Amino acid sequence: MYNETDLDKINLDMEPPAGEPDRQYYFMAKCRRSLRELEERAGRSFTFSVQTFGCQMNARDSEKLAGILETVGYVRADSEEADLVLYNTCTVRENANNKVWGRLGYLNGSRKRNPYKKIVLCGCMMQEPEVIEKLKKSYPFVNLVFGTHNIYKFAELLSASFEQQGMLIDIWKDTDKIVEDLPVERKYFFKSGVNIMFGCNNFCSYCIVPYVRGRERSRKPEDILREIEQLAEDGVVEVMLLGQNVNSYGKNLKEPLTFAELLRKIEQIEKIKRIRFMTSHPKDLSDELIEVMGKSKKICKHLHLPLQSGSSRILKEMNRHYDKEKYLALVDKLRSAVPDLALTTDIIVGFPGETEEDFQETLDVVRRVGYESAFTFIYSRRTGTPAASMERQVPEAVVKDRFERLLKEVQETAAQKAGALTGATEPVLVEEVNEQDQTLVTGRLSNNFVVHLPGTGELVGRIVNVKLKECKGFYFYGEMVESFSEPAV
Ligand code: 5AD
Ligand code: SF4
């Protein structure tokens with residue numbers, strides 16, 4: 001890996017190297033030179049702000065983008081008044097796009113006050129041709145636009161944008177490339193996301209992700225393990241393995257390896273105390289994985305298992321490859337192999353043609369499974385997906401009513417689940433000092449429930465035993481029962 005001085009030693013009179021990641025480090029050095037010139041002219045140092053929309057994959061990408069900006073010499077500011085503002089966008093539902101359009105209007109105002117300002121857009125929304133057309137027509141002040149497949153080229157694109165006026169756009173349709181060893185600026189010192197695969201091959205009929213994130217490709221296990229070992233050496237105790245469908249990890253590798261086998265290897269890294277992963281598609285969840293979860297001391301007692309709908313008919317229309325019975329049977333198998341497992345889910349309301357009977361099936365699954373928590377979404381029509389052209393789109397008022405009823409059901413079952421844990425003592429990874437009340441810290445149980453307890457910043461990053469004294473629906477108030485020991489996770 002490169003460090004600060006290496007970058008200054010790169011000879012910028014030479015042609016850029018062809019191989020990665022060396023090529024990107026060359027362009028980081030070039031950006032640094034351009035930035036220094038600008039800073040001299042302005043008589044101050046320049047700041048950046050990276051804003052993430054959407055999922056944990058995007059959050060991890062943003063850490064990589066921030067890593068590059070810090071290496072180049074920008075100072076983090078977390079304000080839209082920063083000299084470089086980057087939006088890492090999401091397009092899974094229409095409202096994600098709307099947020100970006102709204103914020104761009106505001107950024108235009110701030111740009112007029114700062115002649116050095118750079119506005120950069122990347123991520124899933126940029127993979128949509130209509131978005132690019134709209135940007136060109138109505139938002140010409142944006143400096144740089146790139147997509148999901150060439151994110152590793154950020155330094156090279158930024159360098160080019162220092163050298164030209166107007167909007168620079170670089171969008172690729174797909175890629176089979178994975179570039180390793182670029183800088184990362186982690187948000188937390190004690191936990192980290194780790195990409196294990198990119199893209200999705202499932203083509204659920206409502207979902208735009210396979211179109212904007214491309215085909216499934218897995219990172220090599222040795223690269224993943226090397227990254228996690230390095231993270232462990234840097235003080236990370238919890239990793240979250242990330243992929244759109246982690247259960248199909250490894251299928252396209254030269255030497256195939258299952259997700260369960262990968263987990264076994266990660267478990268052997270001593271300093272890693274907790275392993276989480278998301279997302280699991282029910283159709284690919286293997287018996288082997290259930291067995292590994294049942295035996296593991298480190299895999300957290302939490303599984304995010306998107307249901308989407310409880311109606312077998314709708315599931316078929318959604319192209320999910322399981323039905324209500326199969327899903328419930330899987331839940332039974334998981335619950336008997338992994339005691340105390342918390343289940344969370346994603347549910348869509350108002351998929352085209354959803355009837356009251358279909359919706360009742362969803363409510364029935366929610367009651368029978370008893371999720372610890374659920375993300376509920378109103379169906380959003382995404383151009384280009386098969387569901388967008390399906391007939392019988394459900395009227396808005398009917399969808400809203402179903403959504404409210406579902407939310408109520410989900411909240412009731414979740415509160416019951418949490419309530420049952422009151423009085424128990426559980427290991428908690430302390431994550432931060434509570435923003436509202438500085439005498440408290442906030443942490444997470446293995447099953448992902450949040451708990452607030454008296455404590456100071458010293459506890460952050462430690463796993464401590466906490467007695468759960470009071471349940472507040474979806475979180476707890478607790479108290480540490482012993483100081484600074486290393487309890488079982
Ligand atoms: N409308 C509503 N929700 C959607 N999701 C994906 N596509 C759509 C859509 N078009 C939800 C699914 C998925 C989660 C990440 O987003 O529930 O699991
Ligand atoms: Fe979208 Fe389905 Fe792929 Fe998840 S599995 S990203 S819902 S297509």
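First listed ligand is number 1; within each ligand, the first listed atom is number 1. Heads up: numbering here begins at 1 and tracks the sequence. Treat the numbers as computed from the prediction; the structure is a model and nothing was measured. Reckoned from all heavy atoms, side chains included, excluding hydrogens, waters and symmetry mates.
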Quick one: does [X]'s side chain have a donor or acceptor within less than 3.5 Å of a partner on [Y]'s backbone?
X	Y	value
Thr148	Val212	yes
Asn195	Met197	no
Thr376	Ile347	no
Gln127	Cys124	no

Does Lys177 make a cation-pi contact with Trp172, if we ask for NZ or CZ under 6.0 Å from the ring centre and within 45° of the axis?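 Because its charged atom misses either the 6.0 Å distance or the 45° angle limit, Lys177 does not stack over Trp172.
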
Tell me which protein heavy atom sits closest to [atom], plus the residue, atom name and distance to 0.1 Å.
atom	value
atom 9 (C) of ligand 1	Ser380 O, 3.6 Å
atom 7 (N) of ligand 1	Tyr206 CD1, 3.3 Å
atom 14 (C) of ligand 1	Asp346 OD2, 3.5 Å
atom 6 (C) of ligand 1	Val92 CG2, 3.4 Å
atom 16 (O) of ligand 1	Arg93 NH1, 2.9 Å

When you check the side-chain N and O atoms of Tyr322 and Gln308, is any donor under 3.5 Å from an acceptor?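 Their side chains do not contain a donor-acceptor pair, so the 3.5 Å distance test is not met.
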
Tell me, yes or no, whether the heavy-atom count around [X] atom [atom1], taken from other residues, nucleotides or ligands under 6.0 Å, exceeds 12.
X	atom1	value
Glu222	CD	yes
Asp176	CG	no
Glu130	CD	yes

Taking only heavy atoms of [X] into account, list the atoms of ligand 1 that are under 4.0 Å away from them.
X	result
Arg382	10 (N)
Ile348	3 (N), 4 (C), 5 (N), 12 (C), 17 (O)
Gln308	12 (C), 13 (C), 17 (O), 18 (O)
Tyr379	1 (N), 2 (C)

Parallel, tilted or perpendicular: which one describes the rings of Phe141 and Tyr139, with boundaries at 30° and 60°?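 Because their plane-to-plane angle is over 60°, the rings of Phe141 and Tyr139 count as perpendicular.
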
Using heavy atoms and a cut-off under 4.0 Å, could you grab the residues that are in contact with ligand 2, chain by chain, numbers ascending?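 For ligand 2, the contacting residues are Cys200, Asn202, Phe203, Cys204, Tyr206, Cys207, Val209, Pro210, Gln244, His281, Arg320.
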
Results of ring-ring contact (aromatic ring centres under 6.0 Å, His included) for Phe449 - residues two or more places apart only: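 For Phe449, the residues satisfying ring-ring contact (aromatic ring centres under 6.0 Å, His included) (neighbours in sequence not counted) are Phe476.
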
Does even one non-hydrogen atom of Ile378 get within less than 4.0 Å of ligand 1?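 Judged by the 4.0 Å heavy-atom criterion, Ile378 does count as contacting ligand 1.
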
